[in-house]
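All values reported here derive from a predicted model rather than from experimental measurement. Numbering of residues begins at 1 and proceeds along the displayed sequence.
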Amino acid sequence: MIVVATADFEVYHGAVNELRDRGTTFTTVEPDEELPERTTVVVTGADHADDFADVPTIVADPDDPRRAVDQALAAVRGDGGRTIIGVDPGRKPGIAVCTGETIVAAFQVPLGDAVDVIQREAAEAPSPIVRIGDGSRLESAKLVTDLEDVEVELVDETGTTPYLGTGARGMGDVLAAVNIARLKGEVVDAREIEPTDGEIQVIKDRSREQSEHNRAIDEVLARRVAAGELTIDEALDEHRDGSDD
């Protein structure tokens, strides 16, 4: 059982609300009270970090209670609690953070924010794995290349996107990320992709959509976007500056 034992109101409030939102069984005690016999892990604040020598202790940051709860749940599950982050690549990748068989967090963010989210979720996890689907070739290549200090696997994502019934619209990328997290892939350090003519055209079309003046970037800039050297906005800025010369 998870026990919250802290005199810090912010830690208490954050941890308890997070645990309730997860539907987790837990109890609370005062820091100087005896722990219940079934205690598996204690969540506490910095002031009592050394008070529970006989039980695994998680020190919660009052500004990030979810992290402490993730760690507590991993401790309860034991050796099966390795963190695996599944990513369904695309313009707005779906990201699923799994501890053992449990999904502990899910996100869908713009591609430019995805690496920061993944790195943050992996930062405090022991031996995390990031599994990225091999579809959306250019986006997946950018993610593989930009991720640092974490083990990355490239996964065959065939069949990972589920059928979405009524009311589930918009969840497909996140659910695909969950399925990707559960598939073993090939460990990679980089993914070199030569963009096709069709992929270059897609980038040009996206740049036209984002341009204030309905103007597309040229092929040279589009190839730099494809290689991950520039975002479309940065390429549009270069294109505009070049046009002003």
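More than 12 non-hydrogen atoms from other residues, nucleotides or ligands lie less than 6.0 angstrom from CG of Asp21. No more than 12 heavy atoms of other residues, nucleotides or ligands sit less than 6.0 Å from atom CD of Glu34.
Of the possible donor and acceptor atoms, one in the side chain of Thr145 sits under 3.5 Å from a partner among the backbone N and O of Ala141. Listed for the Ser136 side chain is a donor-acceptor partner under 3.5 Å among the backbone atoms of Pro89. Checking side-chain atoms of Glu199 against main-chain N and O of Thr196 turns up a donor-acceptor pair under 3.5 Å. Judged by distance alone, the side chain of Ser140 and the main-chain N or O of Leu138 form no donor-acceptor pair under 3.5 Å. For the pair Glu153 (side chain) and Val187 (backbone), a donor-acceptor distance under 3.5 Å is absent. Put simply, the side chain of Arg208 gets close to the backbone of Asn214: a donor and an acceptor are under 3.5 Å apart. Checked by atom type and distance alone, the side chain of Ser211 pairs as donor or acceptor with a backbone atom of His213 at under 3.5 Å. In terms of modelled atom types and a separation under 3.5 Å, the side chain of Ser207 and the main chain of Ala216 share no donor-acceptor contact. Looking at Asp47, its side chain never comes within 3.5 Å of a backbone N or O of Asp8 through a donor-acceptor pair. No donor-acceptor distance shorter than 3.5 angstrom exists from the side chain of Asp173 to the backbone of Gly94, with no hydrogens or angles considered.
Using modelled atom types, one finds no donor on one side chain facing an acceptor on the other under 3.5 Å when comparing Gln201 with Asp197. Remark: the Asp156 side chain and the Thr158 side chain contain an N/O donor-acceptor pair separated by less than 3.5 Å.
The shortest heavy-atom contact between Gln210 and Ile232 is NE2-CG2, 3.6 Å. Between Val43 and Ala15, the shortest heavy-atom contact is CG1-CB, 4.2 Å. Of all non-hydrogen atoms in Ala5 and Thr44, the two that sit nearest each other are O-OG1, 2.5 Å. Here the closest non-hydrogen pair linking Val41 and Ala72 is CG1-O, 3.9 Å. Nearest heavy-atom pair across Leu143 and Ala114 is CD2-CB, 3.8 Å. The two residues Ala106 and Val174 make their nearest non-hydrogen contact at CB-CG1, 3.6 Å.
The CD1 atom of Ile85 lies 10.0 Å from the CD1 atom of Ile129; values are rounded to the nearest 0.5 Å. For the atom pair CD (Gln108) and NZ (Lys92), the distance works out to 5.5 Å, reported to the nearest 0.5 Å.
With respect to Asp70 and Arg22, a salt bridge is recorded, a charged nitrogen being found less than 4.0 Å from a carboxylate O. Note on Arg206 versus Glu139: salt bridge recorded, some NZ/NE/NH1/NH2 to OD/OE distance being below 4.0 Å. Using a 4.0 Å cut-off between charged nitrogen and carboxylate oxygen, Glu121 and Arg66 count as a salt-bridge pair. Using a 4.0 Å cut-off between charged nitrogen and carboxylate oxygen, Glu234 and Arg224 do not count as a salt-bridge pair.
The shortest side-chain heavy-atom distance between Pro128 and Glu151 does not fall under the 4.5 Å cut-off. Counting heavy atoms from C-beta on, the side chains of Arg131 and Leu183 never come closer than 4.5 Å. Residues Leu111 and Pro93 have side chains in contact (heavy-atom distance under 4.5 Å, counting atoms from C-beta outward). Leu147 is listed as a side-chain neighbour of Gln119, based on a closest heavy-atom distance under 4.5 Å. Side-chain contact between Glu219 and Ile200: present, with at least one pair of heavy atoms (C-beta onward) separated by less than 4.5 Å. Two residues are said to be in side-chain contact when any heavy atoms from C-beta on lie closer than 4.5 Å; Val4 and Leu19 meet this criterion. Side-chain contact between Val188 and Ile132: absent, with no pair of heavy atoms (C-beta onward) separated by less than 4.5 Å. Within the 4.5 Å cutoff, side-chain heavy atoms of Thr27 are placed close to those of Pro36.
The side-chain tip of Arg120 points at the ring of Phe107 from less than 6.0 angstrom away and within 45° of straight on.
Judged as a side chain to side chain donor-acceptor pair (under 3.5 Å), and not counting sequence neighbours, Glu30 has no contacts.
A single hydrophobic cluster is seen to contain both Phe26 and Val69, as judged by linkage of ILVMFWY side chains at heavy-atom distances under 4.5 Å, directly or through other members. Hydrophobic clustering, with ILVMFWY side chains joined whenever heavy atoms are under 4.5 angstrom apart, groups Ile95 together with Val115.
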